[in-house]
Each structure stands twice: as structure tokens, then as C-alpha cells.
J.: 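To start, I am sharing the structure in question, which I have written as C-alpha cells.
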Amino acid sequence: MKVLHVLDHSIPLQSGYTFRSRAIIRQQRDFGWETVQLTGPKHNQGRKQPAVEEVDGLQFYRCTEAPGVSDSFPVLGQLAVINTLARRLLEVARVEKPDVIHAHSPALNGVAALRVGKSLGIPVVYEVRGFWEDAAVSHGTSSEGGLRYRLTRAMETWVLKRADAVTCICEGIHTDLLKRGIAGAKIAIVPNAVDASRFQPVGARDRDIENKYGLQGHKVLAFIGSFYAYEGLDLLVDAMPLLLAQRADIKLLLVGGGQTEKALRARAEQLGVSDSVVMTGRVPHDQVEGYYSVTDILVYPRKSMRLTDLVTPLKPLEAMAQKSMFVASDVGGHRELIRDGITGTLFRADDIDDLVRCLLELLDSEEKWPAMRDAGRAFVERERTWNNSMTNLRPVYQRLAPGAW
């Protein structure tokens with residue numbers, strides 16, 4: 001069985017998208033399936049790409065041709081991305097002769113895959129990881145219901161209806177696909193998961209990090225990841241004066257960077273809590289474990305919107321696998337993963353008072369932590385391993401390419 005994965009971007013870039021892709025590829029190879037990987041022209045955009053690149057023991061075909069259309073013309077830009085990707089995909093598919101082309105969000109990848117799949121007679125699976133029109137709204141590059149939003153949504157629906165099979169990462173997206181008229185028999189849920197063997201319980205606190213950032217003797221709340229507006233980190237910073245009024249031993253550790261980094265620094269200074277808000281900037285991936293080790297409670301305060309209500313993130317699963325304590329907003333994507341009070345703690349999304357209440361109550365009830373840590377780890381091991389997740393793909397591939405088995 002040979003699968004050609006078509007991806008927007010990949011490692012060495014670091015994101016939930018690239019980590020999911022790497023996990024899928026590795027698990028499929030563990031099953032004995034052969035995989036081929038191609039990234040689109042937006043991977044590492046602006047930098048010259050090699051035709052083939054090996055990263056972390058995996059080989060990726062790259063698009064060496066740039067689309068060559070300004071972002072000022074989004075429709076023309078999307079067409080240029082599709083055309084560029086389709087040309088490269090046709091080259092790769094002719095060489096590799098896959099049994100299935102598996103294109104992953106966004107819909108641009110799906111359009112290119114369908115074009116090549118039809119040309120070569122190869123079935124196409126399309127995976128929806130999230131709705132990119134909703135992500136654009138959260139990033140401020142589009143408005144919900146606007147022309148660009150509706151065009152992106154229409155393109156994805158077009159791909160969904162024409163793909164030979166559709167996969168998605170969670171129940172929230174599955175429900176949306178059904179509302180679009182996509183047949184339920186055509187859809188398989190392949191949920192986010194973690195490699196439980198790689199995410200082991202966090203070890204002893206890293207004293208060097210504690211000393212560097214003055215965390216000794218403090219209860220450390222933390223967010224580790226990319227700073228997007230929808231993550232709700234502004235709510236977490238705004239909560240700090242209220243938290244400190246109750247417990248002076250609290251510090252907030254923000255590890256990462258991105259869209260809202262400057263605004264968060266400015267807000268902490270404006271509120272007079274800069275001394276209690278530590279912002280490290282981005283850190284190398286191989287050093288992240290040390291930052292988890294100095295954390296008492298991770299916080300995932302995602303704002304309530306279509307994006308967060310429909311899509312399940314990886315971070316709470318990783319926290320459970322590491323036996324980390326965490327508090328998360330009760331958006332739909334979190335509710336699908338977390339059992340409140342059993343595997344994690346949920347607070348009312350966008351409600352600063354409830355966030356403060358939950359954090360203070362959790363800090364004051366450390367005797368409950370061991371049971372919650374164990375329950376979270378057990379949930380991951382029982383239901384959310386990549387082995388379990390990829391097993392859902394086997395019948396999809398078998399139906400489309402029965403002769404490959």
C-alpha cells in the first residue's frame with residue numbers, strides 16, 4: 001500500500017499541523033504502508049526550496065516553483081498555488097505511482113489532488129483538519145460571511161463532494177460536513193492523538209530554567225505554543241491582577257511567540273504585572289520539555305468562535321499524556337476531549353471571573369491532582385493513540401485501492 005500525502009507545510013516548521021502530519025506518516029509506516037510526502041508552494045514561503053529534503057528521517061518532495069502572484073490578489077494567488085502544486089504533484093505521482101493520493105487541508109491541496117487523481121486514475125482522500133476561512137477570520141485577514149470567506153468555503157465544499165473519501169479530525173467538523181450535504185458513509189473520523197511513548201510524565205523541575213526566570217518558590221501557570229488571537233492569551237494576562245490579589249506567589253509563563261506577542265507584552269506592562277508575566281520568546285523544540293517541567297498548571301483559554309468550537313487541538317491531549325494539570329475554556333473543541341473535573345478542568349469561555357475561580361480552586365486542591373493526572377493519562381492510552389487513530393483509515397484505503405493489500 002503506497003500513499004502520497006499532499007501537505008500545506010511540514011517539519012522542520014513547528015505547528016500542530018506539522019506534528020499531526022509527522023505522526024500520521026510514522027504510524028502508517030509502522031503499519032508497513034509506504035508513504036510519500038509532498039508539500040505545497042506555501043511551505044517556508046519566501047525561501048528557495050530543494051526539490052527533495054530529508055527531515056527527521058522522512059523525505060519530503062518540495063515545490064521549487066513559486067506561484068508568483070501577489071497576496072493583493074487573493075483569488076489569483078490561490079489559483080496560482082493550485083496550478084503550481086498540481087504540476088509538481090503530477091511529476092511526483094508519475095514517479096512514485098501511489099495507490100492513493102491523500103490531500104490534507106486546505107482545500108487548495110484538494111483541488112490540485114483531484115485534478116491529478118483524475119488525470120492518472122488515482123483515488124483521492126481529502127482530510128479536513130479545520131476550516132481555513134474560520135482561521136482567516138481569527139487572524140483578521142477575512143470577515144465571517146464576506147466574499148473571501150464564502151469563496152473559500154465554497155471551494156472546500158466543491159472538493160468534499162468530489163473526493164472519493166473524506167476524513168476529518170473530530171465530531172465538530174463531522175457535524176459541519178453533514179450539514180453541507182456530504183454523505184455520512186463517505187466520511188471517516190481520524191481523531192487527533194499522541195504518541196504516548198514519546199509524551200512521558202514530566203520529570204523533575206529544570207532548575208536552570210527556574211533560576212533564569214525567577215520561578216523558584218512560585219506557582220507557575222503557563223501556556224506553551226503559538227500566540228494566535230483565538231488562543232485567548234489576552235484573557236489570561238488580564239486575569240493576572242485578580243489572581244495576584246488572592247495569591248502573590250503566582251507567575252505566568254508564556255513560552256512561544258506569534259501574532260499577539262507584542263500586544264501581550266504591552267498589556268502586562270499596562271496592568272502593572274510585567275514582573276509576574278514571563279515571556280520567553282520561541283524556544284527550540286528539543287528544549288520545550290524543560291518548560292513543561294517548571295509548570296504547575298497549563299492554561300488553554302481559547303476564545304469561543306466557530307474555529308475553536310468545531311476543532312479539537314492537540315495540546316490538551318499532550319498535557320494528559322504528560323500527566324500535566326491544566327485548565328481549559330469550555331469551547332466545543334475542548335469539551336470533545338476533556339471530562340471536567342476528571343481528566344482536566346473547564347471554565348466558561350471568555351469569562352475572566354470563572355477562569356480566576358477555576359485556577360484558584362485548582363491551586364487550593366492539590367490533593368485531587370494525582371487522580372486527575374492518572375485519569376488523563378489513562379484516557380490517552382485507551383482512546384487517543386496514533387495506532388487507534390490510524391486504524392480508522394485502514395478501511396478507507398482498502399475500499400479505494402483493494403488491489404494494493
Side-chain angles (χ1 to χ4, degrees), residues 5-9 13 15-18 20-21 38-43 45 63 66-86 89 101-117 124-163 165-170 172-182 186-187 226 228-231 258-259 302-313 331-333:
H5 291 283
V6 184
L7 305 162
D8 182 74
H9 58 287
L13 303 181
S15 67
Y17 186 101
T18 65
R20 175 177 169 89
S21 301
L38 167 66
T39 54
K42 293 194 292 180
H43 170 81
Q45 198 166 15
C63 285
V69 177
S70 168
D71 288 340
S72 301
F73 304 96
V75 175
L76 292 178
Q78 290 184 346
L79 289 174
V81 167
I82 291 169
N83 291 335
T84 300
L85 176 56
L89 178 54
I101 296 175
H102 192 149
H104 304 257
S105 296
L108 304 180
N109 293 347
V111 175
L114 286 171
R115 186 185 299 178
V116 173
V124 173
V125 178
Y126 179 61
E127 176 173 289
V128 186
R129 301 187 179 188
F131 297 119
W132 288 52
E133 65 271 22
D134 294 324
V137 170
S138 73
H139 295 158
T141 58
S142 179
S143 58
E144 188 168 347
L147 178 60
R148 186 172 183 178
Y149 183 96
R150 286 182 282 117
L151 286 173
T152 303
R153 186 170 177 83
M155 181 190 300
E156 186 138 53
T157 301
W158 186 91
V159 171
L160 291 164
K161 289 182 175 180
R162 286 160 179 80
V166 173
T167 67
C168 61
I169 68 170
C170 60
I173 293 177
H174 181 253
T175 300
D176 187 274
L177 299 184
L178 294 175
K179 289 179 180 177
R180 296 192 196 204
I182 309 305
K186 186 178 178 176
I187 308 169
S226 297
Y228 293 117
Y230 61 77
E231 295 291 5
Q259 182 186 25
R302 286 191 157 194
K303 297 181 178 181
S304 179
M305 59 182 68
R306 261 185 59 87
L307 175 72
T308 58
D309 280 326
L310 294 180
V311 179
T312 53
V331 294

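Quick note: residue numbers are just sequence positions, from 1.
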J.: Measure across Gly130 and Glu156 and return the closest heavy-atom pair with its distance rounded to 0.1 Å.
T.: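 Heavy atoms only, the tightest pair is O-OE1, 4.3 Å.
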J.: Determine whether Arg115 and Asn83 satisfy the following criterion, side-chain contact (heavy atoms from CB on, under 4.5 Å), listing intermediate values before the conclusion.
T.: CA-CA 10 Å; Arg115 186 185 299 178; Asn83 291 335; 2.9 Å; yes
J.: How close do Val81 and Pro41 get, heavy atom to heavy atom, and via which atoms?
T.: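 Val81 and Pro41 have their closest heavy atoms at CG1-CG, 3.8 Å.
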J.: Determine the minimum heavy-atom distance between Ala86 and Val116, stating which atoms define it.
T.: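 That closest heavy-atom pairing would be O-CG2, 3.5 Å.
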J.: Just verifying a value: how many Å separate Asp309 CG and Ser304 OG, rounded to the nearest 0.5 Å?
T.: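 The CG atom of Asp309 sits 4.0 Å away from the OG atom of Ser304.
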J.: Measure from the side-chain N and O atoms of Lys186 to the backbone N and O of Leu160, and report whether any donor-acceptor pair falls under 3.5 Å.
T.: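 Present.
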J.: Can you tell me how far the OG1 atom of Thr39 sits from the NE2 atom of His5, to the nearest 0.5 Å?
T.: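 Reported value, rounded in 0.5 Å steps: 13.5 Å.
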J.: Has the side chain of Ser105 got a donor or acceptor atom that lies under 3.5 Å from a matching backbone atom of Phe131?
T.: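 Pair absent, no side-chain N/O of Ser105 close to backbone of Phe131.
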J.: Hey, does Ile169 have a side-chain heavy atom less than 4.5 Å from the side chain of Val128?
T.: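 The answer is no; the side chains never approach within 4.5 Å.
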J.: Ignoring hydrogens, what is the shortest heavy-atom contact between Ala163 and Tyr126? Give both atom names and the distance.
T.: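 Heavy atoms of Ala163 and Tyr126 come nearest at CB-CB, 4.0 Å.
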J.: When rounded to the nearest 0.5 angstrom, what distance separates OH in Tyr228 from CZ in Arg302?
T.: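 Those atoms lie 10.5 Å apart.
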J.: Backbone N or O of Leu13 within a donor-acceptor pair of the Thr18 side chain at under 3.5 Å?
T.: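 Side chain of Thr18 to backbone of Leu13: a pair is present.
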J.: How would you list, by chain and number, every residue that makes a side-chain hydrogen bond (donor to acceptor under 3.5 Å, both in side chains) with Thr157, sequence neighbours excluded?
T.: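 With neighbours one apart ignored, the set is Arg180.
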J.: Measure across Val111 and Met155 and return the closest heavy-atom pair with its distance rounded to 0.1 Å.
T.: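 Smallest interatomic distance, heavy atoms only, reads CG2-CG, 3.9 Å.
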J.: Measuring from Glu127:CD to Thr167:OG1, what's the distance to the nearest 0.5 Å?
T.: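 One finds 4.0 Å between CD of Glu127 and OG1 of Thr167.
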J.: Report the relative orientation of the aromatic rings in Tyr17 and His9; use parallel for angles under 30°, tilted for 30 to 60°, perpendicular for over 60°.
T.: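 Correct class here is parallel.
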J.: Taking all non-hydrogen atoms of both residues into account, name the closest pair between Leu85 and Cys63 and its distance.
T.: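 Closest approach of Leu85 to Cys63, heavy atoms only: CD1-SG, 4.0 Å.
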J.: About how many Å separate CG of Asp8 and CZ of Arg129, when rounded to the nearest 0.5 Å?
T.: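 Here the interatomic distance stands at 9.5 Å.
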J.: Let me confirm one number: the CG-CD1 distance from Asp176 to Ile182, rounded to the nearest 0.5 Å.
T.: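 It comes to 9.5 Å.
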J.: Heavy atoms, side chains only, cut-off 4.5 Å: are Lys42 and Gln45 in contact?
T.: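 In contact.
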